[in-house]
Amino acid sequence: MTPTKADLIYSSPQSKIKDFSFDAQVVEVFPDMIKRSVPGYSTIIETIGRLSKSYVVDNSNVYDLGCSLGAATLAMRQNIAASDCKIIGIDNSSAMVERCQRHINAFKGATPCSIIQGDILETDIDNASMVVLNFTLQFIDKDKRQHLLNKIAKGLNKGGILVLSEKITHQDEQCHQLLTDLHHDFKRANGYSDLEIAQKRTALEQVMKPDSLETHFNRFKQAGFSHASTWFQCFNFVSMVAIK
């Protein structure tokens, strides 16, 4: 395993801040970035593993869409009790896929994993018992999100589960600002400076566009899911489940 490097990407003033991307620079510091930026991330990953033990059934496929370095894939691989299953991890970043494959190879498991570089909007979802979108949908064009949810719902078997984790907006502006302030305090407590927080926020403005909880649940309903709930929230970060 490659040692985790500290996230210093935005620690120095930048004359021009480029749009955030999951390039080689981000891949090098991604575990540290996630740990210090996303409250409850380890709880979400652990719970994805537990959910896979309950919902993945024999002779089915499991999808990790936007798999990044494979944290959710590995959590599921370590917990799946069903037989003759396959985990398919997909990410459009070549740097992420290359490093993810190294991580998968470092941890042996009974369930085979296939890590693919590709566009999740073009990915066929078939015979699925579980699909994970872990902080991925917020980077997809808004006008394509319903299409992706529809495709996932269609490819899930009856009783299959989607786990969707996202940063959210709040329709009440005062509450939205409160959650944002709490998140920034969380980042400061984890060692990020105000400069780092501000520069990363600028980098993300045009590439990460969160939705409200109401929007997510409306999409679940339109896609045809029978049940949906938020199971985790910390500040403006949530994880939801939708069951077909």
Would you mind checking if [Y] and [X] are paired as a salt bridge, meaning a charged N to carboxylate O distance below 4.0 Å?
X: Asp7; Y: Lys200; answer: no
X: Asp141; Y: Lys144; answer: yes
X: Lys187; Y: Glu196; answer: no
X: Glu205; Y: Arg201; answer: no
X: Lys5; Y: Asp32; answer: no

* Check the surroundings of atom CG in Asp119: do more than 12 heavy atoms from other residues, nucleotides or ligands lie under 6.0 Å from it? =>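 Above 12, so yes.
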* **More than 12 heavy atoms of other groups within 6.0 Å of Lys142 NZ** =>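 Enclosed.
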Specify the closest pair of heavy atoms between [X] and [Y], including all atoms of both residues, with the distance to one decimal.
X: Lys108; Y: Asn105; result: NZ-O, 3.3 Å
X: His216; Y: Leu137; result: CE1-CD2, 4.1 Å
X: Asn134; Y: Tyr41; result: ND2-CE1, 3.7 Å
X: Thr111; Y: Cys85; result: CG2-O, 3.7 Å
X: Lys158; Y: Ser226; result: NZ-OG, 3.8 Å
X: His183; Y: Pro39; result: CD2-CD, 4.1 Å

As an exercise, state the distance from [atom1] of [X] to [atom2] of [Y], rounded to the nearest 0.5 Å.
X: Asp19; Y: Leu204; atom1: CG; atom2: CG; answer: 9.0 Å
X: Leu195; Y: Ser12; atom1: CG; atom2: OG; answer: 7.5 Å
X: His227; Y: Ile161; atom1: NE2; atom2: CD1; answer: 11.0 Å
X: Leu133; Y: Ile120; atom1: CG; atom2: CD1; answer: 5.5 Å
X: Asp84; Y: Asp58; atom1: CG; atom2: CG; answer: 7.0 Å
X: Thr169; Y: Leu179; atom1: OG1; atom2: CG; answer: 10.0 Å

Are the side chain of [X] and the backbone of [Y] linked by a donor-acceptor contact shorter than 3.5 Å?
X: Gln146; Y: Arg219; result: yes
X: Gln199; Y: Gln14; result: yes
X: Glu166; Y: Asp211; result: no
X: Gln117; Y: Ile90; result: no
X: Ser60; Y: Val57; result: yes
X: Arg188; Y: Ser193; result: no
X: Ser212; Y: Gln171; result: no
X: Tyr63; Y: Asp126; result: yes

Tell me whether [Y] is reachable from [X] by hopping between hydrophobic residues (I, L, V, M, F, W, Y) whose side-chain heavy atoms are closer than 4.5 Å.
X: Phe135; Y: Leu164; value: no
X: Phe220; Y: Ile140; value: yes
X: Ile197; Y: Val26; value: yes
X: Ile115; Y: Leu121; value: no
X: Phe139; Y: Val27; value: yes

Within the 4.5 Å heavy-atom criterion, are [X] and [Y] side-chain neighbours or not?
X: Ser93; Y: Asp23; value: no
X: Ile44; Y: Phe232; value: yes
X: Ile88; Y: Ile116; value: yes
X: Arg99; Y: Glu28; value: yes
X: Phe30; Y: Ser68; value: yes
X: Lys86; Y: Val62; value: no
X: Leu65; Y: Ile152; value: yes
X: Gln233; Y: Ile168; value: yes

* Trace of the side-chain contact (heavy atoms from CB on, under 4.5 Å) decision for Thr230 with Phe217 -> CA-CA 9 Å; Thr230 299; Phe217 281 95; 3.5 Å; yes
* Arg77 charged N/C atom sitting above Phe107 aromatic ring, 6.0 Å / 45° ->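 Output no; distance or angle outside limits.
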* Please lay out, stage by stage, how Leu162 and Met130 fare under the test side-chain contact (heavy atoms from CB on, under 4.5 Å). => CA-CA 6 Å; Leu162 165 66; Met130 184 168 180; over 6 Å; no
* **side chain to side chain contact (heavy atoms under 4.5 Å, CB included) partner of Ile87, the single match among Val56, Ile104, Thr73** =>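 The side chain to side chain contact (heavy atoms under 4.5 Å, CB included) with Ile87 is passed solely by Thr73 among Val56, Ile104, Thr73.
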* Would Asn218 and Gln222 count as having a side-chain donor-acceptor pair, cut-off 3.5 Å? ->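 Looking only at side-chain atoms, Gln222 and Asn218 do not form any donor-acceptor pair under 3.5 Å.
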Show the atom names and distances, to 0.1 Å, of all donor-acceptor pairs under 3.5 Å that link a side chain in residues 234-244 to residues at least two apart or in another chain.
residue, atom, partner, partner atom, Å
Ser239, OG, Ser165, OG, 2.8
Ser239, OG, Trp231, NE1, 2.9
Lys244, NZ, Ala153, O, 2.9
Lys244, NZ, Leu156, O, 2.7

* Which residues share a side chain to side chain donor-acceptor pair (under 3.5 Å) with Asn190, sequence neighbours left out ->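 Per chain and number, Asn190 pairs via side chain to side chain donor-acceptor pair (under 3.5 Å) with no residue.
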* **side chain to side chain donor-acceptor pair (under 3.5 Å) evaluation trace for Asn127 with Asn157** => CA-CA 6 Å; Asn127 186 32; Asn157 298 330; 2.9 Å; yes
* Do the rings of Phe20 and Phe22 sit parallel, tilted or perpendicular, given the 30° and 60° boundaries? ->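 Ring orientation of Phe20 relative to Phe22: perpendicular.
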* To do: Carefully, step by step, assess Asp181 and Gln177 under the rule side-chain contact (heavy atoms from CB on, under 4.5 Å).
  => CA-CA 6 Å; Asp181 290 345; Gln177 191 58 53; 2.9 Å; yes
* Can you check side-chain contact (heavy atoms from CB on, under 4.5 Å) on Cys100 and Met96, steps first, answer last? -> CA-CA 6 Å; Cys100 179; Met96 282 289 186; 5.7 Å; no
* To do: Can you sort out the partners of Lys151 under side-chain contact (heavy atoms from CB on, under 4.5 Å), two or more places apart, ordered by chain and number?
  =>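 Applying side-chain contact (heavy atoms from CB on, under 4.5 Å) to Lys151 gives Ile125, Leu148.
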* Given the rule in the side chain to side chain donor-acceptor pair (under 3.5 Å) test, do Ser52 and Asn79 qualify, once you have shown the distances and angles that lead to the verdict? -> CA-CA 6 Å; Ser52 72; Asn79 284 275; 5.0 Å; no
